[in-house]
Amino acid sequence: MMIKMKPGVYWVGAIDWNIRNFHGYITHRGTTYNAYLVVDEKIALVDTVKEHFYPEMMKRIREIVDPQDIDYLISNHTEPDHSGSITKFMEEVEGVELIASPLGTQGLRRYYGDDMKITSIKDKPTISLGKKTLHFAAIPMVHWPDSMVTYIPEDKLLLPNDAFGQHLASSKRFDDEVDTAVLMQEAETYYANIVMPLWMSVNRAFKALEGLEIDMIGPSHGIIWRGNPGMILEAYQRWVQGESKPRAVIVYDTMWGSTEKVANALFGGLASEGVEVKIHKLGSSHNSDVIADILEAKAVLVGTPTLNNGLFPTVASFLAYMKGLKPKNKIGAVFGSFGWGGGAKRAAEEEMKAAGIDLVESELDFRFRPTEEELEKAVQFGVELAKRILSS
Ligand code: FEO
C-alpha cells in the first residue's frame, strides 16, 4: 500500500524484510528502499528501489497515478539500492526526464550504459511541478561523491537519500508510529557503519542545508521523520562532533581463554569506577554491532591472542573494519596473550593508531595464562583508564 506523507506526496518504496547483510553490515531488522512520488500538474518520482523490488514500487505508484503520466525521475544517489530500478522504469515509462547530479550522471552511465540520457542539476537546479517545486543540492560524500538532496519548500520536505536513514523494515512509515528506542538504535548503527568516516562531508551538508525550513525528512532507508525531525538532526550534530559518553567498549577474541580473563579483569576495573562497559567477543558479536557501540564510547580496548606471530583472524578483521570507519575522539588500549614470540599486540596497536585512536600504553600481554598478579594489573589498568574517561 502507498502511504500519503503530505497532500500530493506519497511513499512508494519497498520493504526488504529479509536482508541481513548490507555490504558487510549486519541488518538485524531488514531495511526499506524509499521512493517518493510527488504529484502536481507535473509528476516526479524521487529515487527508485533495488531492482528486485521494482514490481512492488510500481504497484504502489499505480495506486496513485498511471506511471505513463510521470514526467521526471530524480536520482539522488547512484548506489544500486536506489538506482537499481531506473533502467526498467525508463523502459516502461516513455518520455520521462532523468535528473541527477553531475557526478550522478557519470555514475549512472557507468552502471547502466553510456547512451543514458540524463539532465544534470547544473542545468536544472530547480523544477516547477505546478504549485510545488523541487530544489536540488549536491551533498558530496553523503554517501558517495554523487549524492544530492531534493527539497520541496512548499511542503518543508527534505528528501536527503542516505542521510538520516536507518536499516529498519516496518509496516509503519513514520517516527511517531514506531518505538523511539529501536528507531534511534538503528539510526545510530546506520550512522556508525555508513556515515561515520564522512563526518566532514556531513558538516558541509549541514551548511548547505542551513536556513531551510524542514518539518519532515524522508530518507532513502527506513522510517520517515515526521513527528520529531529535530531528534535525528540533533543526533547527527552530536555524532559529527564526536561527542562521547563515559563508556568503554572491550572487544576481543580468545584461543584458550587467557585473553578473555584479561578482558574480564579490565571490565572489573572500569565498572568499579562507574564507567558503562560493553563487552564484545568477536565470533559472537558482529563487527557492525561493535562499531555501533563504539560510536558514543570514549574508550576502545582491543584484546587479541597471538596466532602465527600476528593478529587473531577475527580481531584482524575487526581492526580493518574500524580503520575504515575512523571513529572520532577515542582513546584506546590493547591487551592479549601469547605462547612464545608474541606479535599481535604490537600489530593491533599499529592498526588502532591507523584508525585515529589515541593509544594509552599498556603492558597487558601475558604468556600462556595470566597469573593472579597479572590479572590484578589489568584491573588496576581499568581503574586508571576509567578515571581518565570520567575526567574527559
Ligand atoms: Fe542506500 Fe549509498 O545507498
Side-chain angles (χ1 to χ4, degrees), residues 11-36 45-54 56-57 73-87 89 98-112 121 136-150 158-170 173 183 186-202 204-205 208 217-225 232 236 239-240 288 291-292 321 324-326:
W11 174 85
V12 292
I15 306 171
D16 189 346
W17 294 97
N18 299 317
I19 189 167
R20 289 293 177 272
N21 189 323
F22 201 102
H23 51 53
Y25 160 7
I26 298 302
T27 49
H28 300 283
R29 293 189 168 101
T31 195
T32 71
Y33 312 105
N34 295 338
Y36 299 100
L45 175 64
V46 181
D47 286 317
T48 67
V49 295
K50 210 170 179 180
E51 186 179 9
H52 174 72
F53 293 91
Y54 176 70
E56 194 176 320
M57 177 184 79
L73 172 55
I74 315 303
S75 172
N76 277 330
H77 178 30
T78 309
E79 199 166 7
D81 48 333
H82 310 296
S83 68
S85 291
I86 286 179
T87 45
F89 183 84
L98 175 61
I99 293 174
S101 69
L103 288 173
T105 64
Q106 291 176 25
L108 290 171
R109 286 184 182 126
R110 288 291 296 179
Y111 269 108
Y112 306 113
I121 60 166
F136 309 117
I139 52 163
M141 293 313 295
V142 189
H143 164 227
W144 279 7
D146 56 271
S147 295
M148 68 177 211
V149 304
T150 299
L158 180 69
L159 304 174
N161 199 269
D162 278 339
F164 314 122
Q166 340 85 42
H167 285 315
L168 176 55
S170 170
R173 294 274 61 79
L183 174 61
E186 291 303 335
E188 187 173 332
T189 304
Y190 181 99
Y191 181 92
N193 281 279
I194 294 182
V195 187
M196 187 157 64
L198 312 169
W199 64 270
M200 278 195 273
S201 308
V202 178
R204 276 195 292 274
I217 301 173
S220 57
H221 297 289
I223 299 298
I224 297 162
W225 304 91
I232 191 64
Y236 264 58
W239 297 331
V240 161
S288 47
I291 283 292
Y321 193 66
L325 292 170
K326 291 203 168 23

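As the structure lists them, so they are numbered: ligands from 1, and atoms in each ligand from 1. One is the number of the first residue; the rest follow in order along the sequence.
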Checking distances from atom 2 (Fe) of ligand 1, one finds that the N, O or S atom of H143 closest to it is ND1
Among the N/O/S atoms of D162, atom 2 (Fe) of ligand 1 lies closest to OD2
**Prompt:** Under 2.8 Å from atom 1 (Fe) of ligand 1, is there an N/O/S atom belonging to H77?
**Reply:** no
(message) When you measure from the side chain of S220 to the backbone of D162, do you find a donor-acceptor pair of N or O atoms at a distance under 3.5 Å?
(response) yes
On a heavy-atom basis, the closest approach of V49 and G13 is CG1-CA, 3.9 Å
| request: Decide, counting backbone as well as side-chain atoms, whether D81 has an N, O or S atom less than 2.8 Å from atom 1 (Fe) of ligand 1. | output: yes
For atom 2 (Fe) of ligand 1, the nearest N/O/S atom on E79 is atom OE1
Heavy-atom closest pair (Y54 atom, F89 atom, distance to 0.1 Å) is OH-CA, 3.5 Å
Problem set entry | Side chains of E56 and K50 in contact at under 4.5 Å (non-hydrogen atoms) | no
Contact flag H82/atom 1 (Fe) of ligand 1, N/O/S atoms, threshold under 2.8 Å
yes
Between H167 and the options T31, T189, T27, the side chain to side chain donor-acceptor pair (under 3.5 Å) test singles out T31
